[in-house]
Structure formats: C-alpha cells, structure tokens
Amino acid sequence: FIDEVAPAPVKGHSHRQPLVGIIMGSDSDLPVMLQATKILDKFGVPYELTITSAHRTPDRMVTYARSAASRGLRAVIAGAGGAAHLPGMVASETSVPVIGVPVKASVLDGVDSLYSILQMPRGIPVATVGINNSTNAALLAIRILGTSVPLFQKDTEAYAKALEEEVIGKAGNLEE
Ligand code: RP5
C-alpha cells in the first residue's frame, strides 16, 4: 500500500512518502511533539515534521493544510500551546483528519490549550488528546491508517497486547 501511494523518495525523515504530517506552532513545542515521532518510528510509519504557526505564519499554514490531501497525508498531528488555534485552523483547510495536541506552554498549565483545541465549534472536527500527549496522537493516527492498511491494525493490536503483558508482569512481580 505504501509503495502504491508513495513511489517517490522524499527528503526529510523517511525515504518513503509521508502518511502523517506532524506540525507545531513553535520550536518550543518540539520536545512534546518528538514523542509522536518515536511512536511513528517504532511502527515504521513515514511522516514529515515541520513548524507552522496559525498566527505567525498564516500563509504557510494554509498552504500546508490545502496541500495535505494531495500530498498523500492520511492524518495530521498538530501541536500548539496557549490560544491553540493551529489544529482547528488546519482542519478548516483540509479534509484530512486532524489530531490536536494541547501543549503545556503558558501560565495556565496547558488547560488553555486543551480547551482551545477541544472546544471546536460544530462542523469542523478536531480529535483531541491529553495535554502534552503526542504519544496518543501518533497511536490514533496509526489507528486511522489501520482502517485501510491491515498491517497497521495488526501492529496496533500487538502494541496493546505488549502493554497488557507489561501490566500483568508487574502485577506478578508484586504478588511474588
Ligand atoms: C504557540 O505559542 C506555540 O504552539 C507554542 O506552544 C506557544 C509559545 O510559543 P513560543 O513563544 O515559545 O514561540 O503558538
């Protein structure tokens, strides 16, 4: 499937065409958003990573969002802090599913980002994960890919199984 949609090598983090786009409003969001890349690397999902801000680089953001579908992206993970309008703005300019990551970036401890992303008005959906939880954003993106790529569905099931075994192992250690 990946080869079908991505015949050409792409400059950046993968030799294959990105299926997931990771964007963030500022380089200060990078430490949080790198957690998503770790998961995508683990699952072998090709992705791209860049900075684009809804209020500082609005033209760049619109160009990115409008080209997302035609460039083959199947999901966009958008992290932002404060008045975090990046995920909602991107979602308004693309039909590709957008997953918002509220970044803890201000004196309000990330609750401002959370509510900004979570409270999208009717009509333009943004899936929202927990504050700073770009790990879950990546896992959700992989589940979205899994609806059309059985390999990603299988890998998601294996990942959940490994989590289950980890907890059972820890419980066993306590009970010994
Ligand atoms: C948002 O403002 C960014 O997503 C970041 O979380 C926050 C602070 O940005 P910087 O002032 O650190 O560049 O746009």
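Counting begins at 1 with the first residue of the sequence. Only a predicted model underlies this, so the values are computations on that prediction, with no experimental measurement involved.
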Find the distance between CG (Leu145) and CG (Leu151) and round it off to the nearest 0.5 Å. 10.0 Å
Heavy atoms of Thr94 and Ala65 approach each other most closely as CB-O, 3.3 Å
What are the two closest heavy atoms between Tyr47 and Pro18, and how far apart are they? C-CB, 3.7 Å
Can you name the nearest heavy-atom pair linking Tyr64 to Ile22, along with the distance? OH-N, 4.2 Å
Under the 3.5 angstrom rule, does the side chain of Arg16 hit a backbone N or O of Gly44 as a donor-acceptor pair? yes
Thr57 side chain to Thr52 backbone, donor-acceptor under 3.5 Å: no
Taking it one step at a time, do Glu164 and Tyr159 satisfy side chain to side chain donor-acceptor pair (under 3.5 Å)? CA-CA 9 Å; Glu164 182 185 22; Tyr159 181 84; over 6 Å; no
Beyond-backbone contact of Leu49 with Thr37, side-chain heavy atoms, under 4.5 angstrom: yes
Say you draw a straight line from CD1 of Ile99 to CG of Asn133; how long is it, rounded to the nearest 0.5 Å? 11.5 Å
Does any donor atom in the side chain of Thr50 or Arg60 lie under 3.5 Å from an acceptor atom in the other side chain? yes
As an exercise, state the distance from OG1 of Thr128 to CG of Asn136, rounded to the nearest 0.5 Å. 12.0 Å
Would you say that Arg71 contacts Glu48 through its side chain, given a criterion of any heavy-atom pair below 4.5 Å between the two side chains? yes
Cluster overlap Val129 with Ile124, hydrophobic side-chain contacts below 4.5 Å: no
Minimum heavy-atom separation for Val76 and Ala68, please, with both atom names. CG2-CB, 4.5 Å
Is Thr147 reaching over with its side chain to a backbone N or O of Ile144, donor-acceptor style, under 3.5 angstrom? yes
For a quick test of reading the model, state the closest non-hydrogen atom pair linking Ala84 to Ile117 and the distance between them. O-CG1, 3.5 Å
side-chain contact (heavy atoms from CB on, under 4.5 Å) for Ile142 and Asp155? Distances and angles first, verdict last. CA-CA 9 Å; Ile142 292 164; Asp155 288 350; 5.8 Å; no
Minimum-distance pair of heavy atoms, taken over all atoms of Ala78 and Pro87: O-CG, 3.5 Å
Hey, does the side chain of His85 reach the backbone of Ala83 with a donor-acceptor pair shorter than 3.5 angstrom? yes
Look up atom OG in Ser113 and atom CG in Asp29, then write down how far apart they are to the nearest 0.5 Å. 8.5 Å
Please examine the side chains of Leu30 and Met24, heavy atoms only from C-beta on, and report whether any two atoms are closer than 4.5 Å. yes
Report whether Val20 and Ile51 are members of the same hydrophobic cluster (ILVMFWY, side-chain heavy atoms less than 4.5 Å apart, transitive linking). yes
Rounded distance (nearest 0.5 Å) linking atom CD of Glu93 with atom CE of Met89: 6.5 Å
Kindly say whether Lys104 contributes a backbone atom to a donor-acceptor pair with the side chain of Asn132 at under 3.5 angstrom? yes
Point-to-point distance, once rounded to the nearest 0.5 Å, from CD1 of Ile77 to CD1 of Ile23: 10.0 Å
Going through the checks in order, is the side-chain contact (heavy atoms from CB on, under 4.5 Å) test met by Arg74 and Val96? CA-CA 6 Å; Arg74 300 292 194 267; Val96 174; 5.7 Å; no
Should Leu139 and Val167 be regarded as members of a common hydrophobic cluster, given that ILVMFWY residues are connected when their side-chain heavy atoms come within less than 4.5 Å of each other, either directly or indirectly? no
Between the side chains of Lys161 and Glu157, is the shortest nitrogen-to-carboxylate-oxygen separation below 4.0 Å, so that they form an ion pair? no
